[in-house]
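Below is one structure; the comments refer to it alone.
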Amino acid sequence: MVTLYDTTLRDGTQREGMSLSVDDKLRIARRLDDLGVHYIEGGFPGSNPKDLEFFERARDLELENATITAFGTTCRKGGAAETDGGLRALLDTGCEALCIFGKAWDVHVTETLHATLEENLRMVRDSVAFLVAEGRTVFFDAEHFFDGYAANPGYATSVCRTAAEAGASAIVLCDTNGGTLPQTVARVVREFSAALPGVELGIHAHNDAACAVANSLVAVDAGCTHVQGTANGYGERAGNADLLSIIPALVLKMGDDCITSDQLRLLTEVSHFVAETANVTPNPHQPYVGTSAFAHKGGVHASAAARLSAAYEHIDPAAVGNLARVVVSELAGRASLTMKALELGIDLTGDQEAATRVLDGIKQLEHQGYMFEAADATLEVMLKKELGTHQPFFRLESFRCLMEKREDGRVMTEATVKVHVGDERFIATAEGNGPVNALDGALRLAIGRFYPALDAIELTDFKVRVLDETKGTGAVTRVLIESSDGEKTWGTVGVSENIIEASWEALVDSVEFGLAHPRGEER
Ligand SMILES: [Zn+2]
């Protein structure tokens, strides 16, 4: 069984622009524990006080599966392990398991560390032995192992052998620069495991050559039983090995039982949770867990996929908690529309005539510039209108939008909407930093007292695209709005030659959908 070692909270946070608070880290640790990861590296206590707070508070987490580990380096050149501040900080975290890195590439020892090769071996030996004598499980990260092994295999091997003999539980072979290719990793791990029989080996890969996941999998195939990676592959430069791609490959394709099938079904949710917590937009095309990972576009293909999913899907999406999804597009046939409608809770199977009518409508709208791939909510509103089941929450009489640029450089927008709810007519005016913001404000003022659920609905993203493939009538603007009520997110779309009109369309669909599906609703 492979041991899974997550380093999202340490190596993952090296990603440019990513920062996690202590609370974020604790929340992520909990989810990784639910997923069944065996070790969660919490941080580098010697390097920053935030990590110290994490370790203090992590003691109360009461995890079911995972052991929290702390990360650090070997003792200083010329200094004793017993009195080393960094090693002391590691012990003070109270973690049962610790991971320290040491140099395995001779050039780094002599040129970066300015130490002799023998002194580096001493530092590795004394540091590991000291932490083991203190009763801790110690993993040794052999930094720059693959480059070091290529340059001087004898020395790289000595460093690892030294750590193993001093009591390290696993020797982790790091592709620190991330440029090694899978065939090299496979060959080196094979050779190396023969040179160090009985030693548990691990792999820590970076994605600079787009091979981090492949390198981790071939390393396992060649004998590594400990894999380090991060959720969603977050990490410095091109990222770390994506543990959320490695895990399903291990379980579903390589027959490893590192986590249970129940735990594996949490994969997609964990991926999105970590992305949202780290404030990184989830990548829809991420293997296994992306919203497009099992999306089928194209009529023939989509209808075949509906009948014969194994022919078009490399795994059952449900195994990783994902869903097969049909992308509605000009190419889509009736079968895919029927599936898509079912996903939205609308059964078209009994009414093929309606399905054909809706499909024609979609094709017409796509021709005008609409796109529904990120606008399920508009599609739902449209389907209901076509089927005569749409119940509008309000009716627009008119809206007006004014923009004023002032001498001091400020730009103010003011919007007025006139709407009817039932028999009542409401007029409301609001200011905003732009037309959409102002219209949104005015609409909320006008109908908010009827629909308190509006309070929870927020516009979270707004994208504008100018489509110029028109026939001399001026460019058409497409507006995509993403909304959220804190529980779910939905997308809507509007298209017009006038950007404010396009925005209004998307805004109205957003509100209609949000009110039709209040929080807590079973979907
Ligand atoms: Zn790393």
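Start at 1 with the first residue, then count along the sequence. Each ligand, and each atom within it, is numbered from 1 in the order the structure gives.
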Exercise. Between H314 and Y288, does the ring centroid distance fall short of 6.0 Å?
Worked result: yes
For this session: For the pair K25 and D51, find out whether any cationic side-chain nitrogen is under 4.0 Å from an anionic carboxylate oxygen.
Result: yes
Exercise. For the Zn ion (ligand 1), how many protein N, O or S atoms come closer than 2.8 Å?
Worked result: 3
Pairs of donor and acceptor atoms involving the side chains of residues 242-252, under 3.5 Å and at least two apart or interchain, shall be tabulated with distances.
| residue | atom | partner | partner atom | Å |
| --- | --- | --- | --- | --- |
| D242 | OD1 | N232 | N | 3.1 |
| D242 | OD1 | G233 | N | 3.4 |
| D242 | OD1 | L244 | N | 2.8 |
| D242 | OD2 | Q286 | NE2 | 3.1 |

Exercise. For F55, which residues count as a ring-ring contact (aromatic ring centres under 6.0 Å, His included) partner, sequence neighbours excluded?
Worked result: none
Exercise. Would L90 and R136 satisfy side-chain contact (heavy atoms from CB on, under 4.5 Å), going step by step from the backbone distance to the final call?
Worked result: CA-CA 10 Å; L90 280 177; R136 311 302 167 91; over 6 Å; no
Exercise. Which ring-ring contact (aromatic ring centres under 6.0 Å, His included) pairs, counting each pair once, include a residue from residues 215-239, with sequence neighbours left out?
Worked result: Y5-H226, F139-H226
